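So that the names make sense, note that chain A is the first sequence line, chain B the second, and so on, each numbered from 1. Since this is a predicted model, take the numbers as computed values, not measurements.
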There are 4 protein chains.
Amino acid sequence: MDPTGEVRTIGADHVALREQVLEELRRRIVDGDYAQGERLTETRLADDFGVSRNPVREALRVVEAEGFVHILPRRGAVVATLDETAVRDLFAVREQLETLAAGLAAERATQKDVDRLRRLLEDASAATDAKDFDRVAELNSAFHRAVIDVSGNRWLLSMSAAMYHHVHWVFRVGAAQRAPHSWEEHIRLVDTIAAGDREAATTAARLHVEAAAQAALNGRVQRPTA
Amino acid sequence: MDPTGEVRTIGADHVALREQVLEELRRRIVDGDYAQGERLTETRLADDFGVSRNPVREALRVVEAEGFVHILPRRGAVVATLDETAVRDLFAVREQLETLAAGLAAERATQKDVDRLRRLLEDASAATDAKDFDRVAELNSAFHRAVIDVSGNRWLLSMSAAMYHHVHWVFRVGAAQRAPHSWEEHIRLVDTIAAGDREAATTAARLHVEAAAQAALNGRVQRPTA
Amino acid sequence: MDPTGEVRTIGADHVALREQVLEELRRRIVDGDYAQGERLTETRLADDFGVSRNPVREALRVVEAEGFVHILPRRGAVVATLDETAVRDLFAVREQLETLAAGLAAERATQKDVDRLRRLLEDASAATDAKDFDRVAELNSAFHRAVIDVSGNRWLLSMSAAMYHHVHWVFRVGAAQRAPHSWEEHIRLVDTIAAGDREAATTAARLHVEAAAQAALNGRVQRPTA
Amino acid sequence: MDPTGEVRTIGADHVALREQVLEELRRRIVDGDYAQGERLTETRLADDFGVSRNPVREALRVVEAEGFVHILPRRGAVVATLDETAVRDLFAVREQLETLAAGLAAERATQKDVDRLRRLLEDASAATDAKDFDRVAELNSAFHRAVIDVSGNRWLLSMSAAMYHHVHWVFRVGAAQRAPHSWEEHIRLVDTIAAGDREAATTAARLHVEAAAQAALNGRVQRPTA
DNA sequence: GTGGTCTAGACCACT
DNA sequence: GTGGTCTAGACCACA
């Protein structure tokens with residue numbers, strides 16, 4: 001997100017409690033610490049995080065808008081459930097957004113952008129060799145965010161942020177075995193972007209998402225809780 | 001939206017303050033009551049709405065997530081700016097989501113769904129004749145939401161909610177003259193959905209969004225406010 | 001400082017901007033990034049840290065109380081100068097405080113306390129072998145703080161905090177060659193504490209500080225700037 | 001304190017608001033106007049002193065560093081509590097610093113220094129006869145500061161400033177009956193300093209502090225306030 | 001609703 | 001003009 005690598009000041013780095021709560025809450029859902037269908041009361045979350053209920057409330061509004069929880073009036077929040085329909089719907093949308101991103105990226109990518117993408121591929125390759133699968137998952141998200149970044153479309157950027165968290169979620173609670181395979185598709189995608197071939201990039205993105213959807217829907221483990 | 005038509009209880013009808021604040025806040029931005037670039041302090045909003053600052057804070061997190069305002073750490077909220085790039089980006093994403101919705105709707109629409117869509121078209125026609133343009137704009141959003149509803153994809157539904165508010169915004173602060181024209185495209189779209197022709201529906205949606213984008217980008221009035 | 005190793009919550013970990021500015025400011029002085037005698041304007045520091053001037057002002061009051069800067073009325077802050085007298089004065093005071101601490105520690109140390117001290121000695125030994133001198137300096141401060149912690153005297157604790165930052169400063173801008181030697185003295189000190197011998201502990205502390213003072217005064221590099 | 005006796009300009013006399021707030025705040029704590037354990041909100045202090053909250057905040061940082069209040073993150077300031085342990089710890093440290101000061105003073109005192117000390121003793125004697133106990137307490141602090149001043153150790157000077165305010169605090173909230181007695185010990189101390197006898201001065205200082213500690217710990221009135 | 005925290009801006013004294 | 005000082009106002013978090 002900050003490709004310049006410049007030194008950040010204290011002021012810019014300082015994050016509000018609300019923000020930290022938001023990230024930790026999202027992480028716990030995505031990582032399955034808070035299971036699907038689990039009831040999340042404000043008090044419980046406030047205790048878990050060692051803060052008062054106010055920052056918790058604001059964080060809950062955001063994860064609700066992102067679709068991670070449902071908030072029932074006067075009944076509190078419940079972690080959303082990833083049933084097959086939800087996953088299918090998610091990937092259908094993802095395909096549309098990602099093909100658009102790939103096409104735009106192919107038109108706009110500079111050499112620097114391509115270098116950045118290739119570097120992510122190399123890092124992922126190294127992490128895969130080292131069997132550091134958490135890092136691989138992280139780099140997967142980073143790669144797709146980078147493509148969207150290159151596309152230059154700010155709406156894609158803001159809409160896809162929540163989407164990739166969900167994609168991550170699907171694979172965390174599902175199967176991780178697809179990791180090695182997907183990176184070959186990533187390489188093809190970067191090649192088409194580097195070639196500036198919009199058509200080919202769009203197709204490469206479509207194939208990648210369709211393969212990912214296939215994997216997600218087959219490999220899924222049903223674990224709705226409570 | 002509530003096809004059951006059953007009587008709702010008081011408890012179910014009650015909407016949280018936060019929710020009312022959210023809708024009114026969004027309305028004021030979309031209607032231009034709060035101009036682009038305008039600074040929105042929590043205290044001012046709390047006064048405007050006659051509530052305490054807490055529900056205002058939570059509503060602000062949501063409109064931020066929806067892209068209507070930017071929140072600067074320790075500096076407060078500022079209404080987002082609809083420059084040409086933002087509009088272009090918005091319509092590029094809209095095209096992807098709406099073509100997907102149209103294709104899915106063509107596959108899944110029942111006779112009842114088609115009737116519902118046609119009824120909206122008729123209402124809009126009547127409203128146009130009556131020169132009730134606010135109602136027309138409202139029906140425009142309702143129509144597109146209905147198509148997405150028919151598509152049955154819940155992700156589309158949740159992602160597009162914020163999107164249509166933005167589309168609405170673009171036309172409010174831009175030009176409204178496109179209204180009569182767009183309904184002819186809507187009729188064609190419903191015809192293709194009724195015919196169950198996915199391909200044709202996708203194309204009809206694309207043409208519609210492209211025409212809308214064209215209109216939005218040409219008719220746009222520059223009114224960024226300090 | 002937190003020997004229990006328990007998980008800290010977000011709320012407890014969150015630090016005010018003022019606090020971060022304070023630590024970074026102190027670090028930059030101790031590390032020589034801000035040289036002795038250098039003028040520190042509030043604006044410059046605010047820019048350096050990317051914050052407004054208010055947290056900077058509050059941090060300046062603290063480093064002034066700690067003796068790192070002098071604040072001239074309506075003239076701003078200047079980094080203090082470590083001349084020979086200052087170093088001599090510092091070590092004279094340190095001797096008094098550290099001999100008291102050692103004596104009290106000998107009287108009160110539990111087995112757990114002794115284990116903690118020995119662990120620090122081992123860590124330092126490892127860091128010395130690894131030639132990680134920054135870590136050695138850090139462990140040096142940690143060791144002395146631990147002794148004072150064991151002494152149970154809260155006044156010693158609060159007064160010595162600033163003092164050890166100064167000691168660190170003296171060695172950073174002076175010579176680092178004393179590191180290996182001092183740890184032998186530390187070992188002797190821990191042995192006397194473990195034996196519960198107040199007299200011997202007091203003596204060991206005195207000898208250690210005197211040797212450190214000797215080293216500091218001989219090895220000192222004169223670098224007052226501006 | 002200003003032996004030159006020259007006329008001071010207006011500029012030099014002007015003290016920053018922050019400084020005045022600091023001294024008044026410290027005075028009110030030491031005099032018990034703000035009781036132990038009392039909560040001190042910024043707004044309240046700002047009102048009490050008729051200034052804005054900013055100089056109050058800066059003063060609070062200083063009294064915190066001096067140990068008069070504890071500042072809880074995001075919760076505000078509370079006046080510290082003088083329980084028996086705190087007093088005992090304080091006097092243990094005081095003994096170390098004061099014996100050092102006495103020894104150094106014995107080595108370095110000029111005739112002028114000795115005269116200055118004797119004059120303070122006479123003033124105190126007069127004030128005691130006049131039963132002006134506030135003045136006596138003030139002269140007590142002035143005497144000890146003068147000894148440290150004569151010692152020439154600037155670290156002692158800066159560290160002991162806060163310490164004597166605390167000593168003063170202990171006697172204000174405790175018992176004042178020790179005043180007459182302590183001056184005899186002061187006289188002996190000055191005699192040893194005048195004689196240039198480091199050993200004897202150190203001993204005299206130790207006996208004095210031990211007697212003071214004894215008095216403080218016995219005469220203490222328990223008044224921790226909610 | 002109260003209170004801590006930070007920012008922006010105005011004042012004013014020394015260059 | 002530069003820079004320390006203070007005030008006003010607003011965000012953020014707690015109860």
#### Entry: Residue mapping more 5' on DNA chain F - nearest nucleotide basis, D/R75 or D/L17
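Its nucleotide being nearer the 5' end, the pick is D/L17.
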Counting only side-chain heavy atoms from C-beta out, which of [options] sits nearest to [X]?
{"X": "D/P55", "options": "F/dC11, F/dT7, F/dT5", "result": "F/dT7"}
{"X": "A/N54", "options": "F/dC11, F/dC14, E/dT7", "result": "F/dC14"}
{"X": "D/A16", "options": "E/dG1, F/dT5, F/dT7", "result": "F/dT5"}

### Task
If F/dC14 has a Watson-Crick or G-U wobble mate with both distances under 3.5 Å, name it; if not, just say none.
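Matched F/dC14 with E/dG1 under the 3.5 Å cut-off.
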### Query
Which base, if any, makes a Watson-Crick or G-U wobble pair with E/dG9, both distances under 3.5 Å?
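Across all strands, the one nucleotide that pairs with E/dG9 is F/dC6.
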### Query
Can you find a side chain N or O atom of D/R39 that sits less than 4.0 Å from OP1 or OP2 on E/dG3?
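No.
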### Message
Quick check on E/dT7: is either OP1 or OP2 less than 4.0 Å from any side-chain nitrogen or oxygen of B/R74?
### Response
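For B/R74, the contact criterion (side-chain N or O under 4.0 Å from OP1 or OP2 of E/dT7) is met.
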### Message
Mind checking if B/R57 touches a base, just sugar-phosphate, or nothing, with heavy atoms under 4.0 Å?
### Response
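Base: the residue B/R57, judged by heavy atoms under 4.0 Å, touches a nucleobase.
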### Message
Does A/R18 reach a base, just sugar-phosphate, or nothing at all? Heavy atoms under 4.0 Å.
### Response
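Sugar-phosphate contact only.
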Take atom [atom1] of [X] and atom [atom2] of [N], then tell me their distance rounded to the nearest Å.
{"X": "B/D47", "N": "F/dC11", "atom1": "CG", "atom2": "P", "answer": "12 Å"}
{"X": "D/L72", "N": "E/dG4", "atom1": "CG", "atom2": "P", "answer": "10 Å"}
{"X": "D/E42", "N": "F/dA10", "atom1": "CD", "atom2": "P", "answer": "18 Å"}
{"X": "B/D48", "N": "F/dA10", "atom1": "CG", "atom2": "P", "answer": "13 Å"}
{"X": "B/L60", "N": "F/dA13", "atom1": "CG", "atom2": "P", "answer": "14 Å"}
{"X": "D/F49", "N": "F/dT7", "atom1": "CZ", "atom2": "C1'", "answer": "18 Å"}
{"X": "D/H70", "N": "E/dG4", "atom1": "NE2", "atom2": "C1'", "answer": "18 Å"}
{"X": "C/H14", "N": "E/dT5", "atom1": "NE2", "atom2": "C1'", "answer": "10 Å"}

### Under 3.5 Å donor-acceptor pair, C/R53 side-chain atoms to F/dT5 base atoms
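Between F/dT5 and C/R53, which were checked side chain against base, a qualifying N/O pair under 3.5 Å is present.
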### Query
Taking the inter-plane angle between the rings of C/H166 and C/F68 on a 0 to 90° scale, is it parallel (under 30°), tilted (30 to 60°) or perpendicular (over 60°)?
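Answer is parallel, since the angle falls under 30°.
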### Task
Taking C/S160 for its side chain and C/M163 for its backbone only, find out whether a donor-acceptor pair lies under 3.5 Å.
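No: the side chain of C/S160 does not pair with the backbone of C/M163.
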### Task
Could you go through the salt bridge (charged side-chain N to carboxylate O under 4.0 Å, His left out) check for B/E24 and B/R28 one step at a time?
CA-CA 6 Å; B/E24 179 62 10; B/R28 292 195 185 189; 2.8 Å; yes
### Message
I'd like to know if C/D149 pairs up with C/R154 as an ion pair, taking the criterion as any Lys NZ or Arg NE/NH1/NH2 lying under 4.0 Å from an Asp or Glu carboxylate oxygen.
### Response
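Not counted as a salt bridge, because no side-chain N and carboxylate O are separated by less than 4.0 Å.
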#### Entry: SB check B/E38 B/R44 (cutoff 4.0 Å)
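Yes, this pair counts.
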### Query
5'-most contact on DNA chain E: D/A77 or A/G11, nearest heavy atom basis?
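Counting from the 5' end, the first nearest nucleotide belongs to D/A77.
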